[in-house]
Chemist: 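There's a structure below that I have some questions on.
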Number of protein chains: 2
Amino acid sequence: MINKSGIFSKSCSHALKAATFVGKKGLENKSVKLKEIAEEINSPLAFTAKILQKLVKANIIESIRGAKGGFFVSQEKLRQISLKEIVFAIDGEGSYNGCALGFEKCNASKPCALHFQILPIREKLKETLINTSLEDLARAVGENTTFLKE
Amino acid sequence: MINKSGIFSKSCSHALKAATFVGKKGLENKSVKLKEIAEEINSPLAFTAKILQKLVKANIIESIRGAKGGFFVSQEKLRQISLKEIVFAIDGEGSYNGCALGFEKCNASKPCALHFQILPIREKLKETLINTSLEDLARAVGENTTFLKE
DNA sequence: AATAATTAAGACAAAAATGTCCGATTTAAT
DNA sequence: ATTAAATCGGACATTTTTGTCTTAATTATT
């Protein structure tokens, strides 16, 4: 319990990185292969594959099977897809809608002990996830103002 | 990956609930036994014991061993202890200081792809954890305006 | 001193998350 | 058609988190 690093699961962090990299290529109308994605985001190949499959099933990116295959996002999709959809596809809505103490039903009329403290934070997170598009991340990474590796 | 509910680990949620309940009793200068805590917060007895031990070691609550024993927090402690300390004791600082994409070094000069989006959320979370005392939670629960069970 | 009631601590078990492997499927190129 | 290069999908393995059990240590009561 010494390394629960932040808001998203590890899988979700990988998913966000992977989607962003596919998005960066999508800005130039290019597809990318699994191998390149995994290398670029420093994530194990087979595990990256699993995560990409989930993104494909969630209709966030598309896959091209067979030789010359790979993964792809259209520029239109890049604009449409928000981070909320990626996070939802991997971690479920719990990460931005769940009760901090784990209650099924936690709301203003039956609030958990942390409800009123955590609510504004959750709201801000949700708002940020909704208002940030995959294109936003992809462009910043494309311009080298932000990074997918350390 | 369908139930990662929110900001804290399950252990940490239990810890926050347990500490709050011990705190509620502390407001009346009473100690509580493990059994009552576990029942009150709906957490398995033995697991609750483990979590309480961590809180004791982190000097957040104190334990009274032997017959007539239990767990206790003084009113002074209740005022001093912030949620940040409880969260730190169980989840480490990752939950409020960690990089959203899991990088060791992520900062304004080498920002991850989500850095600028997540920074304000993390800051708000940290601020909230620092500015909320265990007493705050304990009082609200004592007044039945918030709850530790659903 | 003996007993009963309690927490402490460490070994163990189960479940969930993370990660690997391999064969099946799809497609492009020859 | 055959082959090579890719993704797909399911079984398997590992690691981390969550949870249990048992014994030891401590203390109040008798």
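In the text below, chain A, chain B and the rest are named by the order of the sequence lines, each starting its count at 1. This one's a predicted model, so the numbers in the text were calculated from it and none came from an experiment.
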Chemist: With no hydrogens and no angle check, just 3.5 Å: does a side-chain donor-acceptor pair link A:Ser82 and A:Ser133?
Modeler: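 The criterion, which ignores hydrogens and geometry beyond distance, is not satisfied for A:Ser133 and A:Ser82.
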
Chemist: Rounding to an integer number of Å, can you tell me how far B:Lys54 NZ sits from D:dT17 P?
Modeler: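 One finds 9 Å between P of D:dT17 and NZ of B:Lys54, rounded.
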
Chemist: So which nucleotide from C:dT18, D:dT18, D:dC21 ends up closest to the side chain of B:Ser9?
Modeler: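 Looking only at heavy atoms from C-beta outward on B:Ser9, the closest nucleotide is D:dT18.
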
Chemist: Donor-acceptor check, side chain of A:Ser13 to backbone of A:Ser9, threshold 3.5 angstrom: yes or no?
Modeler: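 Yes.
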
Chemist: Taking A:Phe88's backbone N and O only, do any of them form a donor-acceptor pair with A:Glu93's side chain (distance below 3.5 Å, no angle check)?
Modeler: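 Looks like no, no N/O pair under 3.5 Å.
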
Chemist: Rounding to an integer number of Å, can you tell me how far B:Leu45 CG sits from D:dT20 C1'?
Modeler: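 Nearest whole value for this atom pair: 10 Å.
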
Chemist: What is the separation between atom CZ on B:Phe47 and atom C1' on C:dA13, rounded to the nearest whole Å?
Modeler: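 Value for this atom pair: 13 Å.
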
Chemist: Less than 3.5 Å between a donor and an acceptor, one on the side chain of B:Lys50 and one on the base of C:dG10, is that the case here?
Modeler: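 By the distance-only test, yes, there is a pair.
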
Chemist: Starting at CG of A:Leu55 and ending at P of D:dG9, how long is that distance when rounded to a whole Å?
Modeler: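 Rounding to the nearest Å, CG of A:Leu55 and P of D:dG9 are 14 Å apart.
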
Chemist: Would you call B:Leu34 and B:Leu52 a side-chain contact if the rule is heavy atoms closer than 4.5 Å?
Modeler: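 Result yes, sub-4.5 Å side-chain heavy-atom pair found.
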
Chemist: On the six-membered ring of B:Phe72, is B:Lys25 placed so that its NZ or CZ lies under 6.0 angstrom from the centre and within 45° of the ring axis?
Modeler: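 Not flagged: B:Lys25 not positioned over aromatic ring of B:Phe72.
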
Chemist: What residues in residues 63-75 of chain A put a non-hydrogen atom under 4.0 Å from any atom of DNA chain C?
Modeler: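 Here the set is A:Arg65, A:Gly66, A:Ala67, A:Lys68.
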
Chemist: Does any residue of residues 29-43 of chain B have a heavy atom under 4.0 Å from DNA chain C, and if so, which ones, in number order?
Modeler: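 Result for residues 29-43 of chain B: B:Lys33, B:Leu34, sorted by number.
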
Chemist: Is the positively charged end of A:Lys33 above the ring of A:Phe71, judged by distance under 6.0 angstrom from the centroid and angle within 45° of the axis?
Modeler: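 Judged by the rule (NZ or CZ under 6.0 Å from the ring centre, within 45° of its axis), A:Lys33 is not positioned above A:Phe71.
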
Chemist: In Å, rounded to the nearest 0.5 Å, how long is the span from CG of A:Leu134 to CD of A:Gln75?
Modeler: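 Answer rounded to 0.5 Å: 12.0 Å.
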
Chemist: Between B:Ile121 and A:Leu125, which heavy-atom pair has the shortest distance, and what is it?
Modeler: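 Minimum heavy-atom separation between B:Ile121 and A:Leu125: CD1-CA, 3.5 Å.
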
